[in-house]
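Shown next, in structure tokens, is the structure this report addresses.
Computed from a predicted structure; not experimentally measured. We count ligands from 1, going down the list as the structure has it; atoms in each ligand are counted the same way.
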Amino acid sequence: MRAYGFKSNGGTEVLEEIRVPTPAPGPGQVLIEVAYAGVNFAEVQHRRGEFGEPDGPGGYDVPGLEVSGTVVALGSGAPGPPVGEQVAAYLPAFGGYAEFAVADADFVRPVRGLPLASAAGVPCVYPTAYGVLADAGRIRDGETVLIHAAAGGVGSAAARIARTLGASRVFGTVGSLEKAEQAAALGYDALFIREGFADAVQEATAGRGVDLVLDPVGGPVRRASLQALSPFGRVVVYGDLGRHADWTADVWDLWKNSRAIAGYNIGDVARRSPATIGDHLSRALSALASGALPHDRPAVVPWAEVAQVHGRFEAGDTHGKTVLDIAGRGAV
Ligand SMILES: NC(=O)c1ccc[n+]([C@@H]2O[C@H](COP(=O)([O-])OP(=O)(O)OC[C@H]3O[C@@H](n4cnc5c(N)ncnc54)[C@H](OP(=O)(O)O)[C@@H]3O)[C@@H](O)[C@H]2O)c1
């Protein structure tokens with residue numbers, strides 16, 4: 001089958017079109033003929049080597065954490081979905097930038113009433129957004145939320161979901177005025193430029209701060225996020241876009257100021273509580289199909305442009321979701 005992969009870590013130039021054996025579904029797995037593959041910042045990190053060196057078939061790793069497509073075979077004991085069903089799947093072991101992908105049935109859910117192009121951007125992003133808001137962030141009715149990288153894939157899903165989980169006000173930070181314009185349709189109460197956001201948050205909340213901050217950025221943004229919390233506020237750490245050196249939080253600062261830091265990692269949750277991911281994926285797909293969650297159409301990009309798309313992610317030059325058109329169906 002055709003795939004895009006890399007056999008050494010590096011810049012976008014290491015991504016190449018390759019031919020690799022079509023994977024066979026193992027016990028409890030589903031083989032999917034891929035229609036669209038969602039692109040995630042984590043795949044940039046994978047390519048750069050932040051998850052280790054490639055060690056797949058022929059020495060290549062094929063990135064890709066989420067896909068939509070059609071079930072074409074079931075491994076032994078896989079409960080479904082049946083052959084022929086249109087599905088979305090989270091792929092914790094990667095492999096989505098390919099004509100076929102195998103997924104554990106735990107992470108595969110039927111797609112009904114939602115375009116397959118849109119569904120490809122759901123399986124990694126939406127369970128992460130539910131996880132950071134509800135599982136790690138323990139959001140409660142009436143709370144205020146601040147979302148960093150507010151126009152991004154996870155950020156834009158979290159903005160929509162936060163309202164359905166009871167948030168009273170949802171704020172976001174972005175890197176530029178252009179991004180603020182792009183995020184405006186997502187229903188934020190206010191958007192702030194990330195530089196100096198803590199003062200803007202204090203002003204917007206009359207000095208109280210916010211109950212919950214979602215932080216995939218790290219470094220100085222993480223430190224300032226702690227300062228932007230209300231009493232019993234939580235910062236959920238779920239990424240480090242800026243590749244900052246790690247830092248040690250001052251426990252005195254946390255207990256003297258009634259603040260908390262929580263962490264979230266979808267790969268960890270998928271290993272230790274797979275049903276949690278499947279449940280969040282089902283919930284997201286049905287909320288998007290019913291209109292309970294607004295459905296923002298992704299940018300659909302020809303598969304051959306994957307290196308340019310990675311470059312745009314690294315430059316912070318994307319918003320919303322971008323999906324690769326693997327089967328040549330176009331934007332449907
Ligand atoms: N822990 C987990 O389980 C989990 C799961 C999924 C994703 N994530 C993390 O969530 C984050 C967002 O992922 P995504 O796929 O949805 O990407 P994305 O938000 O669509 O794109 C990244 C955005 O982050 C902002 N940004 C800030 N600093 C940046 C930097 N140094 N380099 C590049 N962009 C920067 C940019 O927006 P501005 O212009 O607004 O700055 C950029 O558009 C990533 O850190 C990813 O690793 C974590």
Numbering as shown, the atoms of ligand 1 that approach [X] to under 4.0 Å (heavy-atom distance):
X	value
G175	38 (P), 39 (O), 40 (O), 41 (O)
E314	32 (N), 33 (C)
G242	31 (N)
G152	18 (P), 19 (O), 20 (O)
G153	16 (O), 18 (P), 19 (O), 20 (O)
T318	43 (O)
F313	17 (O), 20 (O), 33 (C)

Specify the protein heavy atom at minimum distance from [atom]: its residue, its atom name, and the distance to 0.1 Å.
atom	result
atom 43 (O) of ligand 1	K179 NZ, 2.9 Å
atom 45 (O) of ligand 1	L241 CG, 3.3 Å
atom 11 (C) of ligand 1	P216 CB, 3.6 Å
atom 42 (C) of ligand 1	G316 CA, 3.8 Å
atom 27 (C) of ligand 1	R194 NH1, 3.7 Å
atom 23 (C) of ligand 1	A149 CB, 4.2 Å
atom 10 (O) of ligand 1	Y238 CE1, 3.2 Å

Could you check whether atom [atom1] of [X] has more than 12 heavy atoms from other residues, nucleotides or ligands sitting under 6.0 Å from it?
X	atom1	value
R138	CZ	no
Q227	CD	yes
R140	CZ	no

Within reach of ligand 1, part of I266 (heavy-atom separation under 4.0 Å): both
Counting heavy atoms under 4.0 Å, the part of H319 that contacts ligand 1 is neither
Are any of the N or O atoms of [X] closer than 3.5 Å to those of ligand 1?
X	result
Y264	yes
F41	yes
V154	yes

Among F192, F197, F171, exactly one meets ring-ring contact (aromatic ring centres under 6.0 Å, His included) together with H148. Which residue is that? F197
Note: D211-R169 ion pair, threshold 4.0 Å (strictly below): no
Within the structure, is a non-hydrogen atom of [X] found at a distance of less than 4.0 Å from ligand 1?
X	value
A151	no
H148	no
Q45	yes

How far apart are the C-alpha atoms of E85 and R112, what are their side-chain angles, what is the distance that settles it, and do they pass the side chain to side chain contact (heavy atoms under 4.5 Å, CB included) test? CA-CA 9 Å; E85 179 99 44; R112 293 173 192 142; 3.0 Å; yes
Tell me the nearest of D240, V217, T128, V132 to atom 6 (C) of ligand 1, using heavy-atom distances. T128
If you define the side chain from C-beta out and look only at heavy atoms, does anything of S156 sit under 4.5 Å from K321? no
Beyond-backbone contact of Y97 with V39, side-chain heavy atoms, under 4.5 angstrom: yes
So the salt bridge (charged side-chain N to carboxylate O under 4.0 Å, His left out) pairs with at least one residue in residues 40-49 (sequence neighbours excluded) are R47-E314, R48-E50, R48-E314
Shared ILVMFWY cluster between F107 and L116, side chains joined below 4.5 angstrom? yes
For the pair Y90 and L65, evaluate side chain to side chain contact (heavy atoms under 4.5 Å, CB included) and give the outcome as yes or no after the intermediate values. CA-CA 6 Å; Y90 166 59; L65 284 162; 4.2 Å; yes
Is there a side chain to side chain contact (heavy atoms under 4.5 Å, CB included) between Y126 and H280 once you walk through the steps? CA-CA 7 Å; Y126 279 74; H280 286 325; over 6 Å; no
Would you name the heavy atoms of E53 and D61 that are closest together and state the gap between them? O-OD2, 4.2 Å
Can you check side-chain hydrogen bond (donor to acceptor under 3.5 Å, both in side chains) on R312 and T318, steps first, answer last? CA-CA 6 Å; R312 291 206 287 276; T318 59; over 6 Å; no
